[in-house]
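Worksheet: the structure to be examined is printed underneath.
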Amino acid sequence: MTADVAALKNGGRVQTRFPPEPNGYLHIGHAKAVCLSFDIAAEFNGKCYLRFDDTNPEKEDSEFIEAIRKDVSWLGYDWAALTYASDYFQQIHEFAVQLIKQGKAYVDDSSAEQIRVHRGTLTRPGTESPNRMRSIENNLMLFEAMRKGKFDEGHCVLRAKIDMASPNMNLRDPTLYRIRKVSHQKTGEQWCIYPMYDFAHTLSDVLEGTTHSLCSLEFEDHRPLYEWFVAQCSVTNQPQQIEFSRLNLMFTIMSKRRLKNLVDEGHVEGWDDPRMPTLSGMRRRGYPPSAIRDFSRRIGITKKKNVIQMGSLEFCVREKLNENSQRRFAVLNPLKLIIENYAEGEEELLDAANHPNRSELGSRKVPFSREIYIEQDDFMEDPPGKFYRLRPGGEVRLRYAYIIRCEEIIRDSSGDIVTLRCTYDPDTKSGDGINQRKIKGTIHWVSARHAERLEVRLYDRLFLSPNPDQGDVSFVDSLNSRSVEVVKEAALEQGLSEANIGDTFQFERLGYFCVDTVYSEPGQPVFNRTVTLRDSWAKIEKQALASVSNR
RNA sequence: UGGGGUGUAGCCAAGUGGUAAGGCAACGGGUUUUGAUCCCGUGAUUCGCAGGUUCGAGUCCUGCCACCCCAGCCA
């Protein structure tokens, strides 16, 4: 494909475009097209335009235009020009008139129903409309009347005169213009006739100098029509349409209409809900745009139907985040732990690296005291063999602090564990090197007195089914009811309350988190979990569970 | 049963007549005060199937099979 582009060389010039219809928000599938269009243009020192295909004023809205501009910029792309199909309405209209004059287009006042019947079926050729042989003068007059609003919506259309017997339905005298007495967000009341997609899109490509018109597979059948239009009007620019397959991701959906359903029916909080596969959702979730670009590059471009695993995207996200995120401690489900041989009022500041592999990012001081919180998951009363965190009578290292031993479990009246009584070994302080005792497990912790209690939101896949779009169950029925978990009072390391929007952290052993743009208040950030860390312990647990149930 | 497409490992994907790249996942090992990161290693006698051409076929030919798209005055 790239070789094609290189070989063809429209006079050495390469120009592409990303042509969204402003009727929804961009999603990760669009990102594939955005990246491809911009990257390939850049690769050949060409240009890429952002062009809004705004030919259907009924469905389109300027809210979407703004959102799309923002998303494309966020991805890191600068368009050579921002255009609208509506910029070309005048020229498109002139070209339509020219087609009529050449006897290649006619006004048809058959009803929509009649036109449908006349079009024939997939296996049966269509029949010609009685209006097909209207005189050029008559057509010109009628089209002008259409333009002037003399007819009601649906009264008639302008059609290209191609071939009603073509095995390709798109060539059976496709509609060029229809009447829509609707105000357009760009052109207002200027027009009451609007060009159809194929016509407007091809002409826009020709007029603005597109050389390679990249689009998705379902337009393959439209290519002969695209080429027909180009052949009729082409003089200077001969754009070529090239198709590639859309992106599909497991456990989510990519249909704009269905995503809109989720929003409209309140299954999610909006287009930018962190669980949405939209770019705005991913931005809010904390996905770096560079990760999305990298992902688009890695998945490749073909004409093959594909459904990519989430893990592939998450790998790219983790890779960027691992490199750039400072480390912090956070305890999501606190279990109190009292270190009995550590003096009551005592506290000390321990050194903790901001990044284990990047010393240039420095370190911070973390307060340590007699009472700390650890993760409930990091203690098991009766653990399986490979568990090397804390257990009764067992030892574990508190990261950047000391080795502790669990001496006693304190329970409440209902028998639930409320506190762990422990002792610490003063000779095992991190960095001291006095006692080089090796110990298998290391867990994170937060000093109880210094903990900042803040909200953390954990996200899981939005759908339970790997392919929510197909199968007998409707996509709404396969929604994951536990796709978001709000932890109201997580115990976070001191200082995290000063985190700002845009900050990302790795909470050690838990995952990558970012400051939410919607729920955060000054001094009171809410953290979104962008993605978990790779977790081989979870895998071991899962396997153990599976082998038990197999017996 | 018309037309247009697509079939290479669990998921992607190179390959264009000279003996199956790469990534993700999985699995094994090493380093590690994050069960993270990092590092090393392990997969296709075979490319939807069946024939054929050729010294040689994922690549060429023939036939078949499977799946996707098309009958908006949507894009």
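We name chains A, B, ... by the order of the sequence lines, and we start the count at 1 in each one. Bear in mind the structure is a predicted one, so any value in this text is a computation, not a measurement.
Judged by a 6.0 Å distance limit and a 45° cone about the ring axis, A:Arg180 is not positioned over the six-membered ring of A:Tyr194.
Applying the salt bridge (Lys or Arg N to Asp or Glu O under 4.0 Å) test to pairs two or more places apart or on separate chains, those with a residue in residues 155-165 of chain A are A:Asp108-A:Arg159.
In this structure a side-chain-to-backbone donor-acceptor pair under 3.5 Å is missing from A:Asp378 to A:Leu390. A donor-acceptor pair under 3.5 Å links the side-chain atoms of A:His184 to the main chain of A:Asp54, judged by distance alone.
Across all strands shown, B:G2 forms a Watson-Crick or G-U wobble pair, both distances under 3.5 Å, with B:C70. Summarising the base pairing, B:U46 is matched to no nucleotide, lacking a Watson-Crick or G-U wobble pair whose two defining distances lie under 3.5 Å.
Between the C1' atom of B:G10 and the CE atom of A:Met250 lies a distance of 8 Å, rounded to the nearest Å. At whole-Å resolution of the value, CG in A:Asp427 and P in B:U33 are 18 Å apart. Atom-to-atom, CD1 of A:Ile299 to C1' of B:A14 comes out at 15 Å; the value is rounded to the nearest Å. Rounded to an integer number of Å, the gap from A:Lys440 NZ to B:U34 C1' is 13 Å.
A:Tyr194 comes within 4.0 angstrom of nothing in the nucleic acid, heavy atoms only. As judged by a 4.0 angstrom heavy-atom cut-off over every strand, A:Leu533 is placed among the base-contacting residues. Within the 4.0 angstrom heavy-atom criterion, base atoms lie near A:Asn357. If you check every strand for non-hydrogen atoms under 4.0 Å, A:Phe151 touches nothing.
When the side chain to side chain donor-acceptor pair (under 3.5 Å) test is applied to A:Tyr49, no partner is found at least two apart in sequence or on another chain. With sequence neighbours excluded, no residue forms a side chain to side chain donor-acceptor pair (under 3.5 Å) with A:Tyr84.
B:G56 adopts an anti glycosidic conformation, its chi angle falling more than 90° from 0.
Here A:Tyr287 and A:Phe295 keep their ring centres 6.0 angstrom or further from each other.
With hydrogens and angles ignored, no donor-acceptor pair under 3.5 angstrom links the side chain of A:Arg509 to the base of B:U34. With hydrogens and angles ignored, no donor-acceptor pair under 3.5 angstrom links the side chain of A:Glu323 to the base of B:U37.
When each of B:U1, B:G7, B:G35 is scored by its nearest atom to the side-chain atoms of A:Thr123, the top-ranked nucleotide is B:U1. Of the candidate nucleotides B:A14, B:G5, B:U8, B:A14 has the atom lying nearest to any side-chain atom of A:Thr302.
Results of the ring pair (Phe, Tyr, Trp, His ring centres under 6.0 Å) test with A:Phe329 over A:Trp445, A:Phe368, A:Phe513 single out A:Trp445 as the only residue that passes.
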Checklist outcome for this item: Whether each nucleotide of nucleotides 23-29 of chain B has a protein heavy atom under 4.0 Å at its base (B), only at its sugar-phosphate (S) or at neither (-) is summarised, 5' to 3', as SSSSS--
Next on the checklist: Output one letter per nucleotide in nucleotides 68-75 of chain B: B when a protein non-hydrogen atom lies under 4.0 Å from the base, S when only the sugar-phosphate is that close, - when neither is.
Outcome noted: -BBBSBBB
Where do N or O atoms of nucleotides 57-60 of chain B meet protein N or O atoms at under 3.5 Å, pair by pair?
none

